Amino acid sequence: MDWDNVAAEDVIEALREVEWSTPPRSFGEFFSRFAFPRSFSKWKSRLKCNLYYYRTNYFILVIFVLGLALVTRPLAILGTALTALSIAFLNDSFAASFNEKFIRTIRHFSPHLAAKMRPPHMPVIRGRSAARKTVYVCGKPRWVFVITFLTASIVMWFSSCGLLWVLYALLTSLAVIIVHASMRTPNLKARLNTFREEFRAVWRNYSEL
């Protein structure tokens, strides 16, 4: 895959739609083969490739740094957990999987309530892109939960006086991610995995037509 021709918006869209259930890459693979990019175009290509390929590792890294920064503030840690859940809801696969498992659990206690949590029936339009479909969580558009959890987490950070520490931790984790993604050379396994996921995405789009 030629990452030079992939725009930043395409990478963000791919991260929103791709499966996040895959386990993180091994520690040895994550911290091996570092080198300076030879040019600015090579750096941009490497950055986009690594952000996509090591997405799960970077997500765990952010949570780990936030946990270390807020280890003495339990309320701020809870706010961080809500923030992580909000970010995870932005991924289509996670939101759909969470919605299905949560409704299945509620069905054991109240089938009537579980039926109300089902998303509304949407008309199927032939050739409609999957990116335009509204993702529902517990019968509500997912942005409702994203905004609610983010607001609650900010209130918890203010209450625990940990907002400044959160900003420091986020900036630190972001800097570490950019440095790693810039220096980590893409290996053959990353390229093959990208081709495989690209084929699966194309095949899934054809199956929905």
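Bear in mind that the values here come from a model prediction, so they are computed numbers and not experimental data.
Atom-to-atom distance recorded for Leu82:CG and Thr151:OG1 is 10.5 Å, nearest 0.5 angstrom. The structure places CZ of Phe27 at 10.5 Å from CG of Asn57, a figure rounded to the nearest 0.5 Å. Rounding to the nearest 0.5 Å places NZ of Lys44 at 15.0 Å from SG of Cys49. Note: Phe102 CZ to Ser97 OG = 13.5 Å, rounded to the nearest 0.5 Å. We find the NZ-CD1 distance between Lys116 and Ile103 to be 13.5 Å, quoted to the nearest 0.5 Å.
Clustering of Ile, Leu, Val, Met, Phe, Trp and Tyr by side-chain heavy atoms under 4.5 Å joins Phe64 with Leu68. Alongside Ile178, the hydrophobic cluster contains Leu174 (criterion: ILVMFWY side chains under 4.5 Å).
Residues forming a side-chain hydrogen bond (donor to acceptor under 3.5 Å, both in side chains) with Ser153 (at least two apart in sequence, or on another chain): Thr83. Under the rule for a side chain to side chain contact (heavy atoms under 4.5 Å, CB included), the partners of Leu78 that lie at least two apart in sequence or sit in another chain are Met156. Checked against side chain to side chain contact (heavy atoms under 4.5 Å, CB included), Leu90 has the following partners two or more places apart in sequence or in another chain: Val146. With sequence neighbours left out, the side-chain hydrogen bond (donor to acceptor under 3.5 Å, both in side chains) criterion links Arg107 to no other residue. Residues satisfying the side-chain hydrogen bond (donor to acceptor under 3.5 Å, both in side chains) criterion with Ser39, sequence neighbours excluded, are Ser41. Not counting sequence neighbours, the partners of Tyr168 by the side chain to side chain contact (heavy atoms under 4.5 Å, CB included) test are Leu164. For Leu61, the side chain to side chain contact (heavy atoms under 4.5 Å, CB included) partners at least two apart in sequence or on another chain are Val65, Val176, Ile177. The side-chain hydrogen bond (donor to acceptor under 3.5 Å, both in side chains) search around Thr148 returns none, not counting sequence neighbours.
Arg55 forms a cation-pi arrangement with Tyr52, by the criterion of a distance under 6.0 Å to the ring centre and an angle within 45° of the ring axis.
Residue pairs meeting the side chain to side chain donor-acceptor pair (under 3.5 Å) criterion with at least one member in residues 172-183, sequence neighbours excluded, are Trp43-Ser182, Tyr58-His180. The stretch residues 167-180 participates, sequence neighbours left out, in no salt bridge (charged side-chain N to carboxylate O under 4.0 Å, His left out) pair at all.
Checking side-chain atoms of Thr185 against main-chain N and O of Arg33 turns up a donor-acceptor pair under 3.5 Å. Not a single donor-acceptor pair under 3.5 Å links the side chain of Arg142 to the backbone N or O of Val137.
A parallel orientation is assigned to the rings of Phe94 and Phe98, their planes being inclined by less than 30° (bins at 30° and 60°).
Side-chain contact annotation: Tyr54 with Arg184, donor-acceptor N/O pair under 3.5 Å present.
Across Pro141 and Tyr136, no two heavy atoms sit closer than the pair N-CD2, 3.6 Å. Between Gly139 and Asn99, the shortest heavy-atom distance links the atoms N-OD1, 4.3 Å.
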Could you go through Arg25 and Thr56, starting from their C-alpha distance and side-chain angles, then the distance that decides it, and tell me whether this counts as side-chain contact (heavy atoms from CB on, under 4.5 Å)? CA-CA 8 Å; Arg25 312 300 173 184; Thr56 307; over 6 Å; no
